[in-house]
Enquirer: 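Okay, here's the structure, questions in a sec.
A note on names: the letters A, B, ... follow the listed sequences, proteins ahead of strands, and every chain is numbered from 1.
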Amino acid sequence: MAEKVTPRSEDYSRWYTDIILQAKLADYSPVKGAMVIRPNGYAIWELIQSNLDKMFKETGHVNAYFPLLIPESFMNKEAEHVEGFSPECAVVTIGGGQELEEKLYIRPTSETIIWSMYKKWIMSYRDLPLLINQWANVIRWELRTRLFLRTSEFLWQEGHTAHATFEEAEEETVKILKVYQRFAEDFLAIPVIPGKKSDSEKFAGALHTYSIEAMMQDRKALQAGTSHNLGQNFAKAFDVQFQDQNGKLQYVWATSWGVSTRLIGALIMAHSDDRGLVLPPKMAHRPVVIIPIWRGDEKKAVMDFADGVFQELKAHYPVIFDDREQYKPGYKFSEWELQGIPIRLEIGPRDVAKNSLVLVRRDTMQKQFVERKGILYTVTETLDRMQEEMLQKAKEFREANSFRIDDYAAFKKQIEGEGGFVYSHWCGDAQCEARIKEDTKATIRNIPFDQEKEEGQCIVCGKKSTGRVIFAKAY
RNA sequence: CGGGGCGUAGCGCAGUCCGGUUAGCGCACCUGCCUUGGGAGCAGGGGGUCGGAGGUUCAAAUCCUCUCGCCCCGACCA
């Protein structure tokens, strides 16, 4: 492993790519814009899946699977939806050697195929709510791609729910956003800001969209999850009506929501350093590595000691016992640091003699001598603390790079300079929003839920505003 | 789609301007010895017809024509 990771200060974007390639999370594929997710990366996705899935189930959702291919006519049924997605769709025109009578779209998202089915399944208010999620791949023909952050094919989950009333749908939309927030913070150790998207940034075909927004180490924003209240748009497009308690026919209210493999990109950019990947313990499928160190005839004593530790921990954690003899310790240290293993235990003759061992935390690189006795407790406790402190650290970073600005000149200076999240007043006019984007490339990330009402003046036009929104450059 | 860069061994590159032995280097890989508290060392070894097609020439990685592909930056987007 001769290659080194490019330092963040030198080239942030290279650093990001280096980490992914060198930690073996993913690799470029023969197909442009598509990547191969390697075992180290897929393990992270599996942890995202299993934990989120549990949260979905706990909130009453079930999984199903809908087809990859969507008839062209379905895509055309919802006006805004077509307009939003058509340009970035891949389309199948030939099947079995024959030109198809109706073209088939490879799903960029599944609203249309799902709502075509919901029409068959929903008759009565008794059929509602319908709370279905699917884990799937989708394709969007992106012009410019980046590993994990934007690839033409990506993995995600998409929830699609049907409700009897607007209020219920709205409640669902918000409930899921909170699930996303809890997941991001408790598992990914990434603090996020929940809020509402401006109209120009909302999902094609939605009434409105909520998002959680995270700050990366380069102070840019990353949308980490979205939840849409689709109103009755898709129900009307696919004619999905139900009979209510009074025997009256009504259109169904819908939501959809999703997070994708992009979260892995977020995880990398939020925590990692110039040595490589840093994973919060809950996202590490192998949280501990044991490295025995010996010379000559010390081997047996060290290996016996190390094996004892291994056996004790193995019962509770997937532990790597790196007893390869062709590599020296320094090499192993670097390799596992690069891959983000949270805890390294070094065991050498000196440790055997003292009945202790060396524990190194990946996030802080802090090295400490710990007693052999109670090692399981020590490891567990350290992992818990790391999870906690990584979230805390990320939160502090975000706070240190968040600003309240009321003057447009200062606003531009901040965005074009250091960047970060800028909380400013906005009148609600799309023109002012567009102007800012044109001037600075910053967009409204969202209108945060949690903030006190505050009278102010739009930073562009000076008209009245009732609250601040977050502006930032985004991925 | 605009701008830039690049295709030579698994990876990273030199060689290309100015054609000329058997296409070279580093890393990785294999064998052996030796090593283990921060990416060891020595010796030996395997592997490429130079993105593709056509052309010029006694002779092409190198010159000419066409073509395919990838990466980075920008517009667009999870």
Side-chain angles (χ1 to χ4, degrees), chain A residues 1-5 11-14 16-18 21-22 24 27-35 84-89 108-109 137-158 180 197 200-204 209 211-214 221-228 256-266 275-276 291-299 302-303 306 322-338 344-354 357-358 360 365 367 369 437-438 441 443 445 474-475:
Chain A
M1 202 125 338
E3 310 121 85
K4 287 266 198 289
V5 174
D11 185 340
Y12 191 82
S13 156
R14 270 274 300 281
Y16 175 75
T17 308
D18 282 355
L21 296 177
Q22 291 184 37
K24 301 190 171 80
D27 203 352
Y28 293 106
S29 80
V31 180
K32 180 181 158 70
M35 67 174 179
F85 282 104
S86 276
E88 55 182 63
C89 282
T109 176
N137 58 337
V138 290
I139 287 192
R140 298 183 189 176
W141 216 258
E142 299 291 351
L143 303 175
R144 223 164 106 38
T145 56
R146 293 191 74 188
L147 295 169
F148 287 114
L149 294 180
R150 179 168 300 104
T151 46
S152 48
E153 178 181 0
F154 57 95
L155 304 181
W156 76 344
Q157 59 69 217
E158 46 179 329
Y180 286 160
K197 283 287 185 186
S200 61
E201 298 273 337
K202 74 173 189 191
F203 178 76
T209 290
S211 75
I212 50 172
E213 301 285 332
L222 185 89
Q223 180 175 299
T226 48
S227 184
H228 318 288
S256 72
W257 28 272
V259 298
S260 72
T261 34
R262 171 179 252 206
L263 285 181
I264 298 174
R275 288 171 179 269
I291 300 181
I293 300 162
W294 47 269
R295 113 181 59 212
D297 55 7
E298 296 156 349
K299 180 173 178 180
V302 168
M303 290 304 264
D322 190 353
D323 57 358
R324 292 175 298 175
E325 293 189 15
Q326 69 269 39
Y327 296 115
K328 294 178 51 168
Y331 178 91
K332 298 177 183 177
F333 296 167
S334 308
E335 180 175 350
W336 298 119
E337 277 162 11
L338 184 54
R344 173 171 85 231
L345 298 174
E346 304 172 13
I347 299 173
R350 297 207 287 272
D351 304 299
V352 175
K354 289 189 298 179
L357 37 104
V358 174
V360 184
M365 290 306 295
K367 200 166 184 169
F369 295 92
K437 189 172 177 183
E438 203 173 307
K441 285 176 191 153
T443 50
R445 299 324 304 155
Y475 276 99

Enquirer: Name the nucleic acid region contacted by A:E325, choosing base, sugar-phosphate or nothing; use a 4.0 angstrom heavy-atom cut-off, strictly under.
Expert: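 Base contact.
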Enquirer: Quantified in whole Å, what is the C1' atom distance between nucleotide B:U36 and nucleotide B:G41?
Expert: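 To the nearest whole Å, 13 Å.
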Enquirer: With sugar-phosphate meaning primed atoms plus P, OP1 and OP2, does A:R14 contact a base, only sugar-phosphate, or nothing at under 4.0 Å between heavy atoms?
Expert: nothing
Enquirer: From CE of A:M35 over to P of B:C71, roughly how many Å is that when rounded to an integer?
Expert: 13 Å
Enquirer: A:Q326 CD to B:C29 C1': how many Å, rounded?
Expert: 12 Å
Enquirer: With rounding to whole Å, what would you report as the distance between B:G55 and B:A9 at their C1' atoms?
Expert: 28 Å
Enquirer: Taking atom types as they are modelled, is there a donor-acceptor pair under 3.5 Å from the base of B:G38 to the side chain of A:E337?
Expert: yes
Enquirer: CH2 of A:W156: more than 12 outside heavy atoms within 6.0 angstrom?
Expert: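 Yes, CH2 of A:W156 has more than 12 neighbouring heavy atoms, counting only those of other groups under 6.0 Å.
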Enquirer: Reckon A:T226 touches a base, only the sugar-phosphate, or nothing at all at heavy-atom distances under 4.0 Å?
Expert: nothing
Enquirer: Could you work out which one of B:G39, B:A78, B:U36 sits closest to the side chain of A:E142?
Expert: B:A78
Enquirer: Taking the C1' atom of each, how far is B:A53 from B:C72, in whole Å?
Expert: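 My reading of the C1' atoms in B:A53 and B:C72 gives 28 Å.
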Enquirer: State which of B:C72, B:A78, B:C29 makes the closest approach to the side chain of A:R262.
Expert: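 From the listed options, B:A78 comes nearest.
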Enquirer: Please work out if A:E346 contacts a base, only the sugar-phosphate, or nothing of the nucleic acid, heavy-atom cut-off 4.0 Å.
Expert: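 Base contact.
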Enquirer: Distance check needed: B:C73 P versus A:Y12 OH, whole Å only.
Expert: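 Atom-to-atom, A:Y12 to B:C73, this comes out as 13 Å.
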Enquirer: Could you please name the partner base of B:C25, counting Watson-Crick and G-U wobble pairs only when both distances are under 3.5 Å?
Expert: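 Pair assignment: B:C25 / B:G12.
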Enquirer: For B:A78, does OP1 or OP2 lie under 4.0 Å from any side-chain N or O of A:T109?
Expert: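 Answer no for this pair, as no side-chain N or O of A:T109 is under 4.0 Å from OP1 or OP2.
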Enquirer: Got A:I291 and A:W336 here, is their nearest side-chain heavy-atom distance under 4.5 Å?
Expert: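 With C-beta onward as the side chain, the pair touches.
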Enquirer: Before we go on, tell me: are the rings of A:F85 and A:F203 under 6.0 Å apart, centre to centre?
Expert: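 Yes, the ring of A:F85 comes within the 6.0 Å limit of the ring of A:F203, centre to centre.
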Enquirer: With a 3.5 Å limit on both atom pairs, tell me what B:G74 is paired to, counting Watson-Crick and G-U wobble, or say none.
Expert: B:C1
Enquirer: Classify the nucleic acid contact of A:V358 as base, sugar-phosphate or nothing, counting any heavy atom under 4.0 Å across all strands shown.
Expert: base
Enquirer: Are A:Q157 and A:V259 close enough that some pair of their side-chain heavy atoms sits under 4.5 Å apart?
Expert: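 Yes - at least one pair of side-chain heavy atoms lies under 4.5 Å apart.
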Enquirer: Please state the C1' separation for the pair B:G15 and B:G26 - nearest whole angstrom.
Expert: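 Going atom to atom, C1' in each nucleotide, I get 15 Å.
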Enquirer: Between A:R445 and A:F333, just flag the one whose closest nucleotide in RNA chain B comes earlier from the 5' side.
Expert: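 Comparing both residues, the 5'-ward one is A:F333.
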Enquirer: Under the rule for side-chain hydrogen bond (donor to acceptor under 3.5 Å, both in side chains), what residues qualify as partners of A:D18, not counting sequence neighbours?
Expert: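 Residues passing side-chain hydrogen bond (donor to acceptor under 3.5 Å, both in side chains) with A:D18: A:T6.
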Enquirer: So, the side chain of A:S260 versus the backbone of A:R262: is there a donor-acceptor pair under 3.5 Å, distance only?
Expert: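 Pair found, side chain donor or acceptor close to backbone of A:R262.
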Enquirer: Rounded to whole Å, how long is the line connecting atom CG of A:L357 with atom P of B:G37?
Expert: 18 Å
Enquirer: With sugar-phosphate meaning primed atoms plus P, OP1 and OP2, does A:P349 contact a base, only sugar-phosphate, or nothing at under 4.0 Å between heavy atoms?
Expert: base
Enquirer: Determine: side-chain N/O of A:R295 to OP1/OP2 of B:U36, distance under 4.0 Å, yes or no.
Expert: yes
Enquirer: When we call it a touch if two heavy atoms are under 4.0 Å apart, what does A:S211 touch: a base, just sugar-phosphate, or nothing?
Expert: nothing
Enquirer: If the cut-off is 4.0 Å, is A:K328 near the phosphate of B:G37, judged by side-chain N/O to OP1 or OP2?
Expert: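 Looking at the OP1 and OP2 atoms of B:G37, one of them is under 4.0 Å from a side-chain N or O of A:K328.
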Enquirer: Would you indicate what A:R324 reaches in the nucleic acid, counting non-hydrogen atoms under 4.0 angstrom: base, sugar-phosphate, or nothing?
Expert: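 It contacts nothing in the nucleic acid.
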Enquirer: Using heavy-atom distances to pick each residue's nearest nucleotide on RNA chain B, tell me which of A:R275 and A:T261 is more 5'.
Expert: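 Its nearest nucleotide being more 5', the pick is A:R275.
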Enquirer: For the base of B:G38, is there a side-chain donor-acceptor partner from A:R344 under 3.5 Å away?
Expert: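 It does, because a donor-acceptor pair links the side chain of A:R344 to the base of B:G38 below 3.5 Å.
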Enquirer: According to the interplanar angle, ranging from 0 to 90°, do the rings of A:Y327 and A:Y331 count as parallel (below 30°), tilted (30 to 60°) or perpendicular (above 60°)?
Expert: parallel
Enquirer: B:A78 P sits how many Å from A:W257 CH2, rounded?
Expert: 18 Å
Enquirer: Which is true for A:L149 with a 4.0 Å heavy-atom rule: it touches a base, it touches only sugar-phosphate, or it touches nothing?
Expert: base
Enquirer: Quick one: look up who B:C33 pairs with, Watson-Crick or G-U, both distances under 3.5 Å, and put none if it's unpaired.
Expert: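 The base-pairing partner of B:C33, which may sit in any strand shown, is B:G41.
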Enquirer: Using the C1' atom in both, what is the distance from B:A59 to B:U22, to the nearest Å?
Expert: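 The same atom, C1', in both gives a distance of 15 Å.
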Enquirer: Write down the distance between OH (A:Y327) and P (B:G37), rounded to a whole number of angstrom.
Expert: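 Distance, rounded to whole Å: 16 Å.
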Enquirer: When the C1' atoms of B:G5 and B:A60 are compared, how many Å lie between them, rounded to an integer?
Expert: 25 Å
Enquirer: Are A:M365 and A:R275 close enough that some pair of their side-chain heavy atoms sits under 4.5 Å apart?
Expert: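 Yes, at least one pair of side-chain atoms sits under 4.5 Å.
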Enquirer: Distance check, P atoms only: B:G51 and B:C13, in whole angstrom units.
Expert: 14 Å
Enquirer: Mind checking who B:U56 pairs with, Watson-Crick or G-U wobble, both distances under 3.5 Å?
Expert: none
Enquirer: Using a 4.0 Å heavy-atom cut-off across all strands, classify A:R146 as base, sugar-phosphate, or nothing.
Expert: nothing
Enquirer: Quickly work out the A:E88 CD to B:A78 P distance and round it to whole Å.
Expert: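 So the two atoms are 7 Å apart, to the nearest Å.
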Enquirer: Is the backbone of A:E337 close enough, under 3.5 Å, to the side chain of A:R344 for a donor and an acceptor to pair up by distance?
Expert: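 No: the side chain of A:R344 does not pair with the backbone of A:E337.
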Enquirer: Select base, sugar-phosphate, or nothing to describe what A:E158 touches, counting heavy atoms under 4.0 Å on all strands.
Expert: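 Contact class for A:E158: none.
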Enquirer: Base, sugar-phosphate, or nothing: which does A:Y28 touch, judged by heavy atoms less than 4.0 Å apart?
Expert: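 The residue A:Y28 makes sugar-phosphate contact but no base contact.
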Enquirer: Which nucleotide, if any, forms a Watson-Crick or G-U wobble pair with B:G7, using both distances under 3.5 Å?
Expert: B:C68
Enquirer: A:P329 side chain: which of B:G39, B:G38, B:U36 is closest?
Expert: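 Shortest atom-to-atom distance from the side chain points to B:U36.
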Enquirer: Would you mind telling me which of B:G38, B:C29, B:G37 lies closest to the side-chain atoms of A:D351?
Expert: B:G37
Enquirer: Nearest to the side chain of A:K441, heavy atoms from C-beta on, is which of B:C76, B:G74, B:G37?
Expert: B:G74
Enquirer: Expressed in angstrom and rounded to an integer, what is the separation of A:I347 atom CD1 from B:U36 atom P?
Expert: 18 Å
Enquirer: Using atom P in both nucleotides, what's the gap between B:G46 and B:U56 to the nearest angstrom?
Expert: 38 Å
Enquirer: Please pick, from B:G37, B:A40, B:G38, the nucleotide with the shortest atom-to-atom distance to any side-chain atom of A:Y331.
Expert: B:A40
